[in-house]
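Worksheet: one structure, shown below.
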Amino acid sequence: MQIENFIDGKFTPPIDGNYLPNLNPANGELNSMIPDSSHDDVNSAVNAAKSAFSNWSKLTINERIDWLRQIADGLEQRKADIARLECEDTGKPISLAERVDAERSITNFSFFADHAKSIADLEFRMDDATNYVIRKPVGVVGLITPWNLPLYLLSWKIAPALVMGNTIIAKPSELTPSTANLLCEVLDSIDFPKGVINIVQGLGSTVGQAIVEHPEIRAISFTGGTETGKIVARTAAPMFKKLSLELGGKNATIILDDVDLASAAKGAARAAFTNSGQVCLCGSRILVADKIYHEFVDLLVEEVEAMKVGNPKHRDTDIGSVISIAHKDKIHSYIDLAKSEGGEILTGSEFTIPPPNANGAFVAPTLIANLNIDSRCAVEEIFGPVATIHRFTTDEEAIRMANITQYGLAGSIWTGDRARGVAVANQIDSGILWVNTWLHRDLRTPFGGVKNSGVGREGGDWSLNFFSELCNICVKDD
Ligand code: NDP
């Protein structure tokens, strides 16, 4: 299969005629060829988005909401295809792709369709005048997303950008191009206005960079790694673009001594290993109270060893492959480093998977104890199925340990005392904290990190505000 760019409502080959292979990391098979686009393809997409802007931005919000609903309906009809394509592009289990990726990609459109209805007109009355706050679209916006939750994260940006009247240039990761292409097929099938959404496939260093640099793209919403985020910020900031950066994390899961051990072990295992640990919110540092350490760790190991690693297409698979062989090698290099630093591998070792997955990028879920809290494996984002375990004696010590990294994205606290959990959560420098749960999301709430985990917030009103210019008109009384 050959994927093309989607520019001005048409499936368009890259101007230079170059393509890249898109491989299935679970078996090494070729999924498709995708455009290796250039600066010129981005320019052509920007021209289309600029032309489409005047009509799209003039629609009423209700007309745009209606389009979001039509997209959600179109995606709903392709739900099984979304799950299959995410499974083939990423190697994640099909059941996870159905439950999380397909479900949420559709919900993002229906959620923002509903939420946009609730935007209130803001007015501030003075003694002698009234201030009217109005929203205008920003213009042409650039959206750049990673490979771990492909359409889920892309639709999380496209839906609010669209509903606020912007036109879009989007670049998915070149490792996961297929569901962005499926979205274009849905747009084509519903006669969506041309040029409003343009997808340019290709590499970050060319297409991504060209989007961030383009003078006529007025806002950049980026989700990806912290190092790439620095490049994006360096390029976009001097151009005074609006900038939203959702970056990496190294999140702590804190197990307090008063917890129900069995449910905390289940929760910690899920937080560490969902999607092979390739969710920015995964809890890859598990901090355990001294008093319950051995009992908890035994239960955790049992939970992790019960997870079935294997063919992502099989319904009983819990852990599929990681995103690529290169990423597998990177994860293994961290495990080797842990061993050389005296880390004890509690579970997780080399293993073989039968054909057709024998050459896939599989890594067993791995728990490592006995490393210092500031060792590289405990502070750097590995972004794979590897979690380190550390002991603490007091809540204050757990908080200090949680706050030790450069990151501040998320975390979870597990306790029998909700008030104690909230008190600990309050002292952790992270944007998103859960008590006795993980990845429980209300899409109206602010989502984003502190420290090197990002700048800005997504979700509900925060997304709608990012994709709007808020202007004030002050009218003096007669
Ligand atoms: P990367 O930072 O490598 O890539 C993210 C996106 O940026 C990709 O589309 C990439 O293209 C593109 N890109 C690369 N270089 C540039 C550039 N110079 N200018 C513009 N765009 C560029 O991240 P990964 O794809 O490896 O994703 C994993 C990272 O994403 C992890 O750090 C994870 O924590 C983070 N993440 C954060 C989330 C959050 O909400 N905070 C959510 C999900 C993931 P290409 O693929 O071609 O390199």
Side-chain angles (χ1 to χ4, degrees), residues 20-22 25 34-39 42 89-90 92 100-101 104 142-157 169-177 180 199-214 217 220-237 241 243-251 274-284 322-324 326-327 330-331 380-384 405-411 430-432 439 441 443 446-459 462-463:
L20 297 161
N22 162 34
I34 71 156
D36 182 3
S37 307
S38 68
H39 203 277
V42 173
D89 274 5
T90 65
K92 68 177 66 184
V100 175
D101 296 80
R104 185 56 196 279
L143 314 179
I144 300 175
T145 47
W147 46 259
N148 62 331
L149 294 160
L151 190 57
Y152 174 131
L153 290 173
L154 190 61
S155 52
W156 181 233
K157 297 182 189 300
I169 315 294
K171 189 202 96 65
S173 167
E174 95 278 6
L175 300 173
T176 54
I199 306 276
V200 186
Q201 306 269 7
L203 297 170
S205 51
T206 47
V207 176
Q209 189 68 25
I211 290 174
V212 178
E213 281 173 359
H214 202 292
I217 297 182
I220 300 290
S221 179
F222 171 85
T223 298
T226 294
E227 288 311 309
T228 319
K230 286 181 191 169
I231 300 173
V232 171
R234 243 193 334 261
T235 313
K241 296 188 182 204
L243 197 51
S244 165
L245 299 171
E246 297 288 343
L247 308 176
K250 186 74 182 179
N251 313 300
T274 294
N275 202 30
S276 288
Q278 302 168 123
V279 179
C280 53
L281 306 166
C282 275
S284 53
V322 298
I323 187 65
S324 65
H327 195 50
K330 177 186 156 190
I331 296 166
E380 294 181 10
E381 187 186 42
I382 300 173
F383 216 55
T405 75
Q406 62 161 316
Y407 297 110
L409 187 57
S430 289
I432 306 138
L439 203 51
R441 292 272 296 119
L443 302 184
F447 179 96
V450 304
K451 300 199 289 190
N452 291 0
S453 287
V455 178
R457 294 290 178 269
E458 294 186 323
W462 289 271
S463 292

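Hydrogens, waters and symmetry mates play no part in the numbers below; they use all other heavy atoms, side chains included. Note that ligands are numbered from 1 as they come in the structure, with each ligand's atoms numbered from 1 the same way. Just so it is clear, the structure is predicted and the values come from calculations on it, not from any experiment.
- Distance alone, capped at 3.5 Å, places no donor-acceptor pair between the Glu458 side chain and the Trp156 backbone.
- Annotation for ligand 1: atoms under 4.0 Å from non-hydrogen atoms of Gly202 are 47 (O).
- The ligand atoms of ligand 1 that sit less than 4.0 angstrom from a heavy atom of Ile231 are 18 (N).
- Among Leu247, Val232, Asn148, the residue whose heavy atom lies nearest to atom 37 (C) of ligand 1 is Leu247.
- For ligand 1 and Ser173, the ligand atoms under 4.0 Å from any heavy atom of the residue are 9 (O), 46 (O).
- Between the CG atom in Leu153 and the CD1 atom in Ile144 there is a gap of 13.5 Å [rounded to 0.5 Å].
- Heavy-atom proximity to Phe447, at under 4.0 Å, picks out these atoms of ligand 1: 40 (O).
- Remark: the backbone N or O of Gln278 is not paired with any side-chain donor or acceptor of Ser276 at under 3.5 angstrom.
- Using a 4.0 Å cutoff on heavy atoms, Leu153 counts as a contact of ligand 1.
- Here the side chain of Asn452 pairs no donor or acceptor atom with the backbone of Leu247 at under 3.5 angstrom.
- Each of the atoms 47 (O) of ligand 1 lies under 4.0 Å from some heavy atom of Leu203.
- Ligand 1 has Thr223 within reach: a non-hydrogen atom of the residue lies less than 4.0 Å from it.
- Ligand 1 does not have Gly448 within reach: every non-hydrogen atom of the residue lies 4.0 Å or more from it.
- Protein heavy atom in closest approach to atom 1 (P) of ligand 1: Thr228 OG1, 3.6 Å.
- When only interatomic distances are considered, the shortest N/O to N/O separation between Thr226 and ligand 1 does not fall below 3.5 Å.
- Of the inter-residue distances, the one linking Ser37 atom OG with Lys171 atom NZ reads 9.0 Å to the nearest 0.5 angstrom.
- To the nearest 0.5 Å, atoms CD (Glu380) and OG (Ser284) are separated by 11.5 Å.
- Protein heavy atom in closest approach to atom 7 (O) of ligand 1: Phe222 CE1, 3.2 Å.
- Backbone and side-chain nitrogen or oxygen atoms of Ile144 are examined, and none is located within less than 3.5 angstrom of a nitrogen or oxygen of ligand 1.
- Summary of contacts: the protein heavy atom closest to atom 9 (O) of ligand 1 is Thr145 O, 2.8 Å.
- Among residues two or more places apart in sequence or in another chain, the ring pair (Phe, Tyr, Trp, His ring centres under 6.0 Å) test is passed with Phe383 by Trp147.
- Residues Leu154 and Ala170 share a closest heavy-atom pair of CD1-CB, 3.9 Å.
- In this structure Thr223 satisfies the side-chain hydrogen bond (donor to acceptor under 3.5 Å, both in side chains) test together with Lys157, sequence neighbours excluded.
- Compare Gly224, Gly248, Gly142 by their heavy atoms: the one nearest to atom 35 (C) of ligand 1 is in Gly224.
- Applying the 4.0 Å criterion to heavy atoms of Gly208 picks out, from ligand 1, the atoms 19 (N), 20 (C), 21 (N).
- Heavy-atom contacts of Glu246 reach the following atoms of ligand 1: 37 (C), 39 (C), 40 (O), 41 (N) (cutoff under 4.0 Å).
- Given atom 25 (O) of ligand 1, the protein heavy atom at minimum distance is Trp147 CD1, 3.0 Å.
- Across the listed options Ser324, Gly204, Ala210, Gly204 owns the non-hydrogen atom lying nearest to atom 17 (C) of ligand 1.
- Atom 31 (C) of ligand 1 has its closest protein heavy atom at Glu381 OE1, 3.5 Å.
- Interatomic distance, CG of Leu149 versus CG of Asn275, reported as 5.5 Å (0.5 Å rounding).
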Check against side chain to side chain contact (heavy atoms under 4.5 Å, CB included), Asn148 and Ile323: CA-CA 8 Å; Asn148 62 331; Ile323 187 65; over 6 Å; no
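- Here the protein heavy atom with the shortest distance to atom 23 (O) of ligand 1 is Gly225 N, 3.4 Å.
- Closest to atom 42 (C) of ligand 1, if we only count protein heavy atoms, is Cys280 SG, 2.8 Å.
- Closest heavy-atom contact between Thr235 and Gln209: OG1-NE2, 3.4 Å.
- For atom 45 (P) of ligand 1, the closest non-hydrogen atom on the protein side is Glu174 OE1, 2.9 Å.
- Contacts between Thr235 and ligand 1, counted as non-hydrogen atom pairs separated by less than 4.0 Å, are absent for every part of the residue.
- To the nearest 0.5 angstrom, Lys451 atom NZ is 13.5 Å from Lys250 atom NZ.
- Remark: Ser430 OG to Leu281 CG distance equals 10.0 Å, nearest 0.5 Å.
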